[in-house]
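One structure is given here, and the rest of the page talks about it.
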Amino acid sequence: AQTVTQSQPEMSVQEAETVTLSCTYDTSESDYYLFWYKQPPSRQMILVIRQEAYKQQNATENRFSVNFQKAAKSFSLKISDSQLGDAAMYFCAYRRDNAGNMLTFGGGTRLMVKP
Amino acid sequence: GAVVSQHPSRVICKSGTSVKIECRSLDFQATTMFWYRQFPKQSLMLMATSNEGSKATYEQGVEKDKFLINHASLTLSTLTVASAHPEDSSFYICSARALSRETQYFGPGTRLLVL
């Protein structure tokens with residue numbers, strides 16, 4: 001079974017600074033997808049960024065980028081120029097392939113942004 | 001992006017009553033819908049996966065006779081909590097995925113409180 005581990009229950013960052021959230025996973029599959037979701041206080045899950053395992057290039061979405069290390073099974077999220085609106089729970093998630101399989105979520109990291 | 005709605009957003013009921021939660025994909029056909037449960041300060045835990053027109057697949061430990069899932073159309077799935085008890089109080093989230101899309105889209109969630 002796949003597992004996703006987020007070792008940082010809470011992280012704090014100063015506004016405008018950069019923060020990195022860690023995620024590791026365990027799988028025997030070679031084809032899979034990795035995601036970072038944001039859950040603000042409204043509790044609506046919002047997709048932040050997605051990475052296909054077969055792609056070597058790290059995904060980037062504006063201020064959000066990932067460091068995908070397939071051999072190490074590591075998938076960290078870097079948030080640059082942190083904003084107050086970035087404060088939320090962040091969940092790392094794994095999906096086995098592109099055939100409708102469910103997401104396996106990590107335990108989450110609460111990010112606090114200090115003004 | 002795609003929109004998924006849930007209704008109701010919040011429900012309070014007495015112990016022993018049944019509660020129905022609707023999940024709708026508003027602008028796409030959802031071949032697969034997922035139901036998650038989230039306890040306070042915890043991650044999302046998959047309860048079941050439903051494909052349109054077929055029986056739902058439940059995760060281990062989830063009682064299918066208590067959590068009844070119906071995916072009768074490509075835009076609607078319902079979760080009925082039968083004879084709800086206080087321990088069923090939780091935040092329930094659905095997500096929907098179209099066959100042609102790689103991403104799941106999440107509903108805003110339903111907070112259930114059983115007194």
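All values below come from the heavy atoms of this structure, side chains included, with hydrogens, waters and symmetry mates left out.
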(message) Hydrophobic clustering (ILVMFWY, side-chain heavy atoms < 4.5 Å, transitive) - are A/L47 and A/L77 grouped together?
(response) no
(request) Just jot down the salt bridge (Lys or Arg N to Asp or Glu O under 4.0 Å) partners of A/K73, sequence neighbours excluded, or say none. (result) A/D26
(request) Output yes when a side-chain donor or acceptor of A/Q44 lies under 3.5 Å from a complementary backbone atom of B/F106, and no otherwise. (result) yes
(request) With chain A as the partner chain, list the residues of residues 107-114 of chain B whose heavy atoms fall under 4.5 Å from it, by residue number, and write 'none' if nothing qualifies. (result) B/G107, B/P108, B/R111
(message) Counting only heavy atoms from other residues, nucleotides and ligands, does the tally under 6.0 Å from NZ of A/K78 exceed 12?
(response) no
(request) Examine whether an atom of A/F105 lies under 4.5 Å from a heavy atom of chain B, and if so say whether it belongs to the side chain, the backbone or both; otherwise answer neither. (result) both
(request) Is it possible for you to say whether A/F35 and A/L21 belong to one hydrophobic cluster, with membership spreading through side-chain heavy-atom contacts below 4.5 Å? (result) no
(request) Output yes when a side-chain donor or acceptor of B/S43 lies under 3.5 Å from a complementary backbone atom of A/G106, and no otherwise. (result) yes
(message) Is there a path of hydrophobic side-chain contacts, each under 4.5 Å between heavy atoms of I/L/V/M/F/W/Y residues, joining B/L46 to B/I93?
(response) yes
(message) Could you measure the distance from the CD atom of B/E59 to the CE atom of A/M102? Nearest 0.5 Å is fine.
(response) 5.0 Å
(request) For B/E87, look at atom CD and say whether over 12 heavy atoms of other residues, nucleotides or ligands are found less than 6.0 Å away. (result) yes
(message) Any non-hydrogen side-chain atom of B/R97 less than 4.5 Å from a side-chain atom of A/R95?
(response) yes
(request) Examine A/F64 and A/V19 and state if one hydrophobic cluster contains both, with Ile, Leu, Val, Met, Phe, Trp and Tyr joined whenever side-chain heavy atoms are less than 4.5 Å apart. (result) yes
(request) Go through the atoms of A/L103 and report whether side chain, backbone, both or neither lie under 4.5 Å from a heavy atom of chain B. (result) both
(request) May I ask you to check whether over 12 heavy atoms, not counting those of B/H85, lie within 6.0 Å of atom NE2? (result) yes
(message) Applying a strict under-4.5 Å side-chain criterion to I, L, V, M, F, W and Y, I'd like to know whether B/M45 and B/F91 cluster together.
(response) no
(request) Find the distance between CD (B/Q38) and CD (A/Q39) and round it off to the nearest 0.5 Å. (result) 4.0 Å
(request) Return the option, out of A/M45, A/Q6, A/R43, with the maximum number of heavy-atom pairs under 4.5 Å with chain B. (result) A/R43
(request) Verify the neighbour count for atom NZ of A/K114: are there more than 12 heavy atoms of other residues, nucleotides or ligands below 6.0 Å? (result) no
(message) Given heavy-atom pairs under 4.5 angstrom as the criterion, report whether the side chain, backbone, both or neither of B/L44 touches chain A.
(response) both
